[in-house]
**Student:** 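What follows is a single structure, and I will ask about it in a moment.
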Amino acid sequence: MRDAYHEELDSIGEGLVEMARLVGSAIGRATAAILDADLKLAESVIAADEKIDDLQRDLEARAITLLARQQPVATDLRIVVTSLRMSADLERSGDLAQHVAKLARLRFPETAVPRDLHATILEMGQLAQRLMAKAGEVIITKDVDLALQLEQDDDAIDLLHRALFKHLMDDRWKHGIETAVDVTLLGRYYERFADHAVSVAKRVVYLVTGEHADEIATPAPVEGA
């Protein structure tokens, strides 16, 4: 019975890793769709969100069953409760990738992003995808130092987000109100996606240490990394 119990705990962790992989892929493909006005790719991202939702529902059901049948305590209880919260973060990340794809579909055959902002949006998409890949790695390795570094990595997304607003407020903006709204929404989607990746990493810190990430000193970046 205990072996089956721990196998189920492990399978919940594997499901979280799969969710992180799927939402990371989704934000990368949604970014390509929004920049290239690729309707087929946008539709594929929108449709694929159902698989992420299904995984989240399955993980939630299994976690609740474990709570009811096994009544875990201490570390095992932390694993189950924290896994529920991580699955919610990951499901919301998938929704944000879907929002990017839906905006691409809405503006097709045009692109929602002006040419002079393509590089910024591309960089935000790439950073968001890398952050989620790191979050997935943290789930697998339980590496507290790597988890704490994600918040530093998130600073780069925040800087790009602020740069978008600066561009929008410039008197030389010539792309109209509709495009300004689109870019504002996109910036928010990427910024929130990154926040969810950081939240997943912080929850792993709590899972491993029993302490909240904000209570632990952030490791200094490795020189040359």
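Keep in mind that the numbers below use all heavy atoms, side chains included, and drop hydrogens, waters and symmetry copies. Keep in mind that this is a model prediction, so the values were computed, not measured.
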**Student:** Only counting residues at least two apart or in another chain, list the ones meeting side chain to side chain donor-acceptor pair (under 3.5 Å) with Arg21.
**Tutor:** Glu18

**Student:** Return each pair, listed once, that meets salt bridge (charged side-chain N to carboxylate O under 4.0 Å, His left out) where at least one residue sits in residues 186-195; pairs must be two or more places apart or across chains.
**Tutor:** Arg188-Glu191, Arg192-Asp195

**Student:** Does Asp155 have any side chain to side chain donor-acceptor pair (under 3.5 Å) partners at least two apart in sequence or in another chain, and if so, which?
**Tutor:** none

**Student:** Quick one: list whatever passes ring pair (Phe, Tyr, Trp, His ring centres under 6.0 Å) with Phe165, sequence neighbours left out.
**Tutor:** His161

**Student:** Quick test of your reading: applying salt bridge (charged side-chain N to carboxylate O under 4.0 Å, His left out), list the pairs with at least one residue in residues 29-49, sequence neighbours left out, ordered by first then second residue.
**Tutor:** Glu43-Arg105

**Student:** Can you name the salt bridge (charged side-chain N to carboxylate O under 4.0 Å, His left out) partners of Asp143, sequence neighbours left out?
**Tutor:** none

**Student:** For Ser11, what residues pass the side chain to side chain donor-acceptor pair (under 3.5 Å) criterion, not counting sequence neighbours?
**Tutor:** Arg62

**Student:** Just jot down the salt bridge (charged side-chain N to carboxylate O under 4.0 Å, His left out) partners of Asp170, sequence neighbours excluded, or say none.
**Tutor:** Arg172

**Student:** Which residue pairs pass the ring pair (Phe, Tyr, Trp, His ring centres under 6.0 Å) test with at least one member in residues 189-209, sequence neighbours excluded?
**Tutor:** His99-Tyr189, Tyr206-His212

**Student:** Determine which pairs satisfy side chain to side chain donor-acceptor pair (under 3.5 Å) with at least one residue from residues 113-123, sequence neighbours left out, and list them in order.
**Tutor:** Arg115-His118, Asp116-His167, Asp116-His175

**Student:** For Asp153, give me all partners under salt bridge (charged side-chain N to carboxylate O under 4.0 Å, His left out), at least two apart in sequence or on another chain.
**Tutor:** Lys134

**Student:** According to salt bridge (charged side-chain N to carboxylate O under 4.0 Å, His left out), who are the partners of Glu110, at least two apart in sequence or on a separate chain?
**Tutor:** none

